[in-house]
Amino acid sequence: MSLVASINDLEQWIRGEFTVLNTELEEIYFGAKAIILDGRADVDALTRRLVRDGGSLISEVTEHRELPPDAGARYELLGMVGFYLGACRRHEVEPDQAQFAPLAQALAASLEVAPRFSSAHQHIHNRAVAGVFYRFTTLDSERIFLTYNGLAVMAYRRAAHALLSIPTLGVSNPLATYHFADAVAALRDVVHYHQLLADELDRDRFFYNIRPYFKSYRVGAREFRGANAGDFAAVNAIDVLLGLCSPHDSFYQWVLADKYPYLAPEDQIALRALVTTESLLDLLVRELEAGPVNPPLRENAELFLSACKQHGAATVFHHQKLVIPYLQEPAANVSEERQSDMTASGPPLADVIETLAQLRDLRAARQRPGLVTAGAKLDRVRVLLGRSADG
Ligand code: HEM
């Protein structure tokens, strides 16, 4: 059998039977309100089938010792192998490393990414066939989560594209007004999709049946952290262009450094470019101080402040209406030994939430002891526009 035919067989299985087996298992767990069930014959039989069938299909691809020449096809194949491994981790079974690790490592080396699926495999690189994209289950809750998560990512990407188009125009350019206004509208869309997610996604379904597929798993000798909805570059491009976070700040450097291997290759390039990007905030302060405050500069500065406000609102919503109710609150009822399983990145949940709170306060430019935010510079813009500092 050719390499293409082996990959095709794997794809058919991942898009079909794989989702059916996962869904059957999820319905059993959910019926018992359990994250996992030990010692049940029906669960064991379904899990064994999943590990065996997926393992042998991946093994056939591995045995070719050859990769697709097209980078997009390699990234998609890494996603398929990764979905299988994510499911094995979720059902707490050990797949045979010999069947998949050489393939996953070769794909990852050729693409310069971690040898696992990442959230990009679920949104920007998720090729649909006949109206259906790759997913783990056929559960409606998973469809809701992936759809609104994907739409929020796309809105972030649209905002980043708009802001990235401004430096070459200059912040007092009347043409830049179009991009500023587009960024504000796109960031408003992020909040809108977050809101729809919070309205439509069932909390228990997310906690018991969706979240567990995003955990860390091992490839070869190393454990790779889980998939995280924040693993795309646009959100950081917005942070840096708005001047809310700095690639010269050690906390933010750590946030960026953690992300690189989990980003799609083109997003890694976008992230790297941020290190030498001057913020629109600095450009605005400079022009406003030099004066005079001409009408396009004034309009652009007002739109810039609105963009900062929307970016802050999106991050506060994410924290208060997604992270706390969908993760922190249900995790409080989970047994002590399962607490370490609660996050995608590995550290204890309380540490992850604290890091997120720090990011939130930077993005929202909130005053907080021990944290230097862009709050003072934003006040300076307001004063230069003749507004009160907090207006
Ligand atoms: C039920 C829904 C969601 C929950 C429970 C959730 C939870 C989390 C958690 C726990 C983290 C920290 C990751 C870690 O270090 O382990 C995180 C990060 C993040 N998530 Fe979400 N999230 C949700 C939906 C979304 C959506 C829809 C988006 C929109 C694209 C999003 C964007 C982000 C961003 C941007 C980060 C920060 C990463 C960074 O900037 O470095 N999340 N989320």
Return the minimal non-hydrogen interatomic distance between [X] and [Y], and the atom names on each side.
| X | Y | answer |
| --- | --- | --- |
| Glu200 | Ile144 | O-CD1, 3.8 Å |
| Leu263 | Ala233 | CD2-N, 4.3 Å |
| Gln253 | Pro247 | NE2-O, 3.0 Å |
| Leu242 | Leu281 | O-CB, 3.5 Å |
| Ala227 | Ser119 | CB-N, 4.0 Å |
| Ala71 | Leu111 | O-CD2, 3.7 Å |

Would you mind checking if [Y] and [X] are paired as a salt bridge, meaning a charged N to carboxylate O distance below 4.0 Å?
| X | Y | answer |
| --- | --- | --- |
| Glu11 | Arg127 | yes |
| Glu66 | Arg74 | no |
| Glu354 | Arg368 | yes |

Is the positively charged end of [X] above the ring of [Y], judged by distance under 6.0 angstrom from the centroid and angle within 45° of the axis?
| X | Y | answer |
| --- | --- | --- |
| Arg203 | Phe206 | no |
| Lys215 | Tyr213 | no |
| Arg15 | Tyr134 | yes |

Between [X] and [Y], is there shared hydrophobic-cluster membership here, with clusters defined by ILVMFWY side-chain heavy atoms closer than 4.5 Å?
| X | Y | result |
| --- | --- | --- |
| Leu378 | Ile166 | yes |
| Ile28 | Phe136 | yes |
| Leu371 | Phe251 | yes |
| Leu384 | Val171 | yes |
| Val191 | Val323 | no |

Kindly determine whether Ile324 and Ile353 satisfy side chain to side chain contact (heavy atoms under 4.5 Å, CB included), including the steps that lead there.
-> CA-CA 9 Å; Ile324 293 176; Ile353 303 243; 5.6 Å; no
Measure up the His194 and Tyr156 rings against each other and bin them: parallel (under 30°), tilted (30 to 60°), perpendicular (over 60°).
->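 Rings of His194 and Tyr156: perpendicular, over 60°.
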Does Gln105 CD have over 12 foreign heavy atoms under 6.0 Å away?
->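 More than 12 within 6.0 Å, yes.
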Under 6.0 Å from the OH atom of Tyr178, do we count more than 12 heavy atoms belonging to anything else shown?
-> no
How about His318 and Arg363: do any of their side-chain heavy atoms sit closer than 4.5 Å?
->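 His318 does not reach Arg363 side chain to side chain.
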About how many Å separate [atom2] of [Y] and [atom1] of [X], when rounded to the nearest 0.5 Å?
| X | Y | atom1 | atom2 | answer |
| --- | --- | --- | --- | --- |
| Asn236 | Leu241 | CG | CG | 11.0 Å |
| Leu164 | His179 | CG | NE2 | 10.5 Å |
| Ile238 | His311 | CD1 | NE2 | 5.5 Å |
| Glu112 | Ile269 | CD | CD1 | 9.0 Å |
| Glu76 | Met80 | CD | CE | 4.5 Å |
| Leu305 | Arg382 | CG | CZ | 5.5 Å |

Quick one: do the Glu287 and Ser172 side chains pair a donor with an acceptor below 3.5 Å?
-> yes
Indicate whether any N or O donor in one side chain lies under 3.5 Å from an N or O acceptor in the other, for Ser59 and Glu63.
-> yes
Verify, without hydrogens or angle tests, whether [X] (side chain) and [Y] (backbone) share a donor-acceptor contact under 3.5 angstrom.
| X | Y | result |
| --- | --- | --- |
| His121 | Ser118 | yes |
| Lys259 | Gly230 | yes |
| Arg298 | Leu385 | yes |
| Thr315 | Gly312 | no |
| Arg218 | Gly220 | yes |
| Tyr326 | Leu201 | yes |
| Asn300 | Asn173 | yes |
| Arg157 | Val153 | no |

Flag the pair Phe133 / His123 as yes when their ring centroid distance falls below 6.0 Å, and as no otherwise.
->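 Centroid distance Phe133-His123: not below 6.0 Å, so no.
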Quick check, are the ring centers of Tyr208 and Tyr29 under 6.0 angstrom apart?
-> no
For Thr137 and Glu142, run side-chain hydrogen bond (donor to acceptor under 3.5 Å, both in side chains): C-alpha distance rounded to whole Å, both residues' side-chain angles, the deciding distance at 0.1 Å, then the answer.
-> CA-CA 7 Å; Thr137 69; Glu142 193 193 358; 2.6 Å; yes
Going through the distances and angles, do Phe180 and Glu302 end up as a side chain to side chain contact (heavy atoms under 4.5 Å, CB included)?
-> CA-CA 9 Å; Phe180 274 115; Glu302 294 287 356; over 6 Å; no
Can you tell which of Phe100, Phe224, Phe83, Tyr84 makes a ring-ring contact (aromatic ring centres under 6.0 Å, His included) with Phe117?
-> Phe83
